[in-house]
Amino acid sequence: MLSKPLPAYASGTSERPLLGQTLGANLERTVARFGDREALVDVATNRRWTYNELDVEIDEAALGLLELGIGQGDRVGIWALNCAEWVIIQYATAKIGAILVNVNPAYRAHELRYVIEQSGMRLLVSATSHRTSDYRSMVEQVRGDCPRLGEVIYIGDASWHELLARGSRADHQRLEAQAATLSFDDAINIQYTSGTTGFPKGATLSHHNILNNGYFVTERIGFTEKDRLAIPVPMYHCFGMVMGVIGSFSHGAAVIFPSPSFDPEATLRAVQTERATALYGVPTMFIAELGHPDFASFDLTSLRTGIMAGSPCPVEVMKRVVADLHMEQVAIAYGMTETSPVSTMTRIDDDLDRRTSTVGTVMPHVEVKIIDPVTGRELPRGEHGELCTRGYSIMLGYWDEPERTAEAIDAAGWMHTGDLAVMDDQGYVNISGRIKDMVIRGGENIYPREIEEFLYTHPDVADVQVIGVPDERYGEELMAWVVMKPDREPLTAEAIRQFCHGQLAHFKIPRYVHLVEGFPMTISGKVRKVEMREAAVGLLGLDDVARIRHA
Ligand code: AMP
């Protein structure tokens with residue numbers, strides 16, 4: 001008799017209960033346990049803090065904000081690349097229950113104005129400038145259009161020092177009184193996430209959401225107070241501020257910022273000089289580090305673990321991270337801003353194959369299921385469908401957008417991720433792509449991810465992305481954008497097809513190949529496939545085909 005296949009559903013258990021604390025209370029616990037240990041190193045400005053020292057500055061900033069009339073539920077923006085002040089404001093706002101609004105440092109005036117207004121921001125902490133970004137002049141440009149925005153504090157200038165000085169003169173008991181009014185289910189953070197269309201949506205997260213996610217993520221890679229984590233990923237994104245900073249601080253580990261924005265050499269150097277035990281990154285960051293011309297000259301033997309996440313993680317790159325970066329216990333995490341972010345993750349004791357080729361199993365206290373995107377019904381294990389997740393990690397909602405919230409979170413509390421995934425018999429999950437990225441060629445569903453993985457095994461290919469482009473005959477055809485390894489003969493479309501021949505089904509073999517230096521990317525490391533598709537239409541002269549309408 002055939003046994004019925006298991007449903008693609010998993011619920012994460014743990015001996016450790018969820019933490020029922022505010023973020024501020026959690027930090028105080030760490031300070032009490034590990035006050036003299038190093039908490040934060042800002043390499044670019046050569047500054048470092050122990051937990052005791054950092055706690056003093058966080059309290060000064062928190063009291064300074066209270067003195068300026070900021071209170072529970074008020075929105076406070078932060079617009080800066082990675083720096084110590086980002087962390088100070090992150091915890092200062094949490095301690096008084098203000099809602100931190102992360103503003104993407106790549107934004108320009110128009111987008112800045114949108115998030116200030118959409119969130120109803122009262123106070124903004126901003127960088128002054130960095131390279132070609134003149135943050136101060138953009139702030140001044142939009143300020144007049146934002147009547148609710150009162151104070152702007154610029155990091156490093158007199159207004160910043162005044163904030164701390166004001167706080168240092170204030171009565172510390174105000175902070176304790178304020179803490180007593182907070183609840184761990186309060187909103188404390190808005191993270192704007194942009195879909196491929198429309199204005200960004202403000203995922204609104206509570207203490208409970210992000211404290212627990214940060215804690216359980218680093219728990220899974222065995223963090224203790226002895227760990228030292230290098231964070232080259234941006235703080236405005238959950239990977240930096242939740243998995244990175246909250247993940248470290250909840251265990252008493254140290255955070256190291258190698259540079260304000262990602263720089264492969266600065267990252268390798270910071271790992272070496274700061275003896276980092278852990279390193280985070282999106283796949284393209286690890287690719288850039290491994291490909292650095294002086295890679296072999298760095299001593300990276302202090303590394304033990306780390307996380308690759310944020311977009312599909314190529315198996316070959318993961319293997320090099322284990323072998324060449326010494327990250328024997330590296331993990332892959334899968335998640336999204338709206339879910340705090342992590343829903344599944346590999347374990348350090350999973351076998352190498354699972355650790356490099358899956359996004360692991362469900363996180364503690366979280367549920368995942370895979371459904372048929374059309375009928376909404378649960379699928380059996382082994383079938384591709386939409387991944388949904390539920391639990392403590394689901395955001396409170398999109399800020400001030402109940403309709404968009406209701407489109408994402410169903411009546412039973414499941415967040416519909418828009419990601420295609422498959423779960424195996426042991427509960428390991430694979431991400432097969434975005435529902436929107438799936439290519440349908442002549443009626444065959446193709447997951448670009450599968451072809452990308454195959455092309456990564458080509459000895460001359462450093463990085464690759466596969467997209468669907470319009471085609472009169474098949475509806476869509478495949479196109480591969482390839483970044484070559486240095487000093488190789490340029491690959492032709494014919495050579496790539498030869499490589500695939502006999503290895504991939506004919507309909508999965510890319511028709512077009514385009515050699516590039518890099519891909520259009522968001523600064524959180526996501527490849528902009530929509531933009532690639534638009535460019536490809538122009539490159540291939542497919543405007544007429546692209547205009548063909550479909551029912
Ligand atoms: P964000 O909200 O910016 O963190 O983006 C979340 C999206 O990133 C998810 O919905 C996935 O499409 C993608 N993503 C994150 N982690 C992974 C991963 N490990 N593998 C594949 N895709 C991922």
Side-chain angles (χ1 to χ4, degrees), residues 102 104 106 189-196 200-205 209-210 213-214 217 220-221 233-244 280-286 306-315 317-318 321 330-346 350 354-363 368 370 373 384-389 393-395 398 404 408-409 414-423 428-438 447-450 452-453 456 465-466 521-530:
N102 305 2
N104 185 332
N189 187 206
I190 301 177
Q191 300 181 23
Y192 280 90
T193 101
S194 31
T196 43
K201 300 173 276 193
T204 306
L205 298 150
N209 286 152
I210 59 180
N213 207 259
V217 162
R220 219 173 232 204
I221 47 173
V233 295
M235 279 294 286
Y236 89 87
H237 187 253
C238 42
F239 199 174
M241 71 165 289
V242 180
M243 298 163 66
Y280 282 1
V282 295
T284 48
M285 291 179 180
F286 284 107
I307 299 175
M308 192 185 296
S311 60
C313 306
V315 176
V317 178
M318 278 297 287
V321 166
V330 66
I332 293 181
Y334 158 80
M336 72 193 307
T337 305
E338 289 89 332
T339 60
S340 293
V342 177
S343 299
T344 74
M345 191 171 161
T346 56
D350 282 333
R354 287 228 167 85
R355 231 151 22 84
T356 54
S357 67
T358 77
V359 296
T361 51
V362 68
M363 289 294 283
V368 297
I370 292 168
H384 291 262
E386 183 179 20
L387 189 145
C388 297
T389 173
S393 53
I394 306 303
M395 64 171 175
Y398 292 119
R404 291 174 102 179
I409 304 173
W414 290 96
M415 172 82 202
H416 291 245
T417 65
D419 289 313
L420 289 163
V422 57
M423 187 186 287
Y428 286 84
V429 175
N430 260 108
I431 303 297
S432 27
R434 297 282 303 159
I435 288 184
K436 289 194 200 94
D437 288 342
M438 193 175 76
Y447 303 104
R449 176 73 203 279
E450 182 192 346
E452 288 160 8
E453 288 291 351
Y456 270 116
Q465 292 292 326
V466 171
M521 303 273 270
T522 67
I523 66 166
S524 55
K526 292 202 195 345
V527 175
R528 293 185 191 272
K529 286 201 167 174
V530 174

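Hydrogens, waters and symmetry mates play no part in the numbers below; they use all other heavy atoms, side chains included. Order of listing sets the numbers, starting from 1, for every ligand and every atom in it. Here the structure is a predicted model, which is why all the values come from computation and not from measurement.
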Which of the atoms of ligand 1 are close to Ile332, meaning less than 4.0 Å from one of its heavy atoms? 19 (N)
Would you say that Glu452 contacts Gln465 through its side chain, given a criterion of any heavy-atom pair below 4.5 Å between the two side chains? yes
Keeping Thr417 on the side-chain end and Leu387 on the backbone end, is there a donor-acceptor pair under 3.5 Å? yes
Do side-chain atoms of Ser432 reach the backbone of Asn430 as a donor and acceptor pair under 3.5 angstrom? no
What part of Ser311, side chain from CB on, backbone N/CA/C/O, both or neither, has a heavy atom under 4.0 Å from ligand 1? backbone
Please step through side-chain contact (heavy atoms from CB on, under 4.5 Å) for the pair Met336 and Thr389, ending with a clear verdict. CA-CA 10 Å; Met336 72 193 307; Thr389 173; 5.9 Å; no
Taking 4.0 angstrom as the limit and counting only heavy atoms of Asp419, give me the atoms of ligand 1 inside it, by number and element. 9 (C), 10 (O), 11 (C), 12 (O)
Counting heavy atoms only, which part of Lys526 comes closer than 4.0 Å to ligand 1: side chain, backbone, both or neither? side chain
Quick one: nearest non-hydrogen protein atom to atom 14 (N) of ligand 1, plus distance? Gly310 O, 3.4 Å
Report the member of Ala331, Ala309, Cys313, Ala333 with the shortest heavy-atom distance to atom 19 (N) of ligand 1. Ala333
Please indicate whether any nitrogen or oxygen in Thr193 is less than 3.5 Å from any nitrogen or oxygen in ligand 1. no
May I ask you to list the atoms of ligand 1 that are less than 4.0 angstrom from any heavy atom of Arg434? 10 (O), 12 (O)
Quick one: does any side-chain atom of Tyr447 pair with a main-chain N or O of Leu420 as donor and acceptor, under 3.5 Å? no
Hey, is the main chain of Met345 close enough, under 3.5 Å, to the side chain of Arg220 for a donor-acceptor pair? yes
Answer yes or no: does an N/O atom from His237 fall short of 3.5 Å to an N/O atom of ligand 1? yes
Among non-hydrogen protein atoms, atom 1 (P) of ligand 1 lies closest to Thr337 OG1, 3.4 Å
Judged by atom type as modelled, is there a donor-acceptor pair below 3.5 Å linking the side chain of Arg449 to the main-chain atoms of Ile431? yes
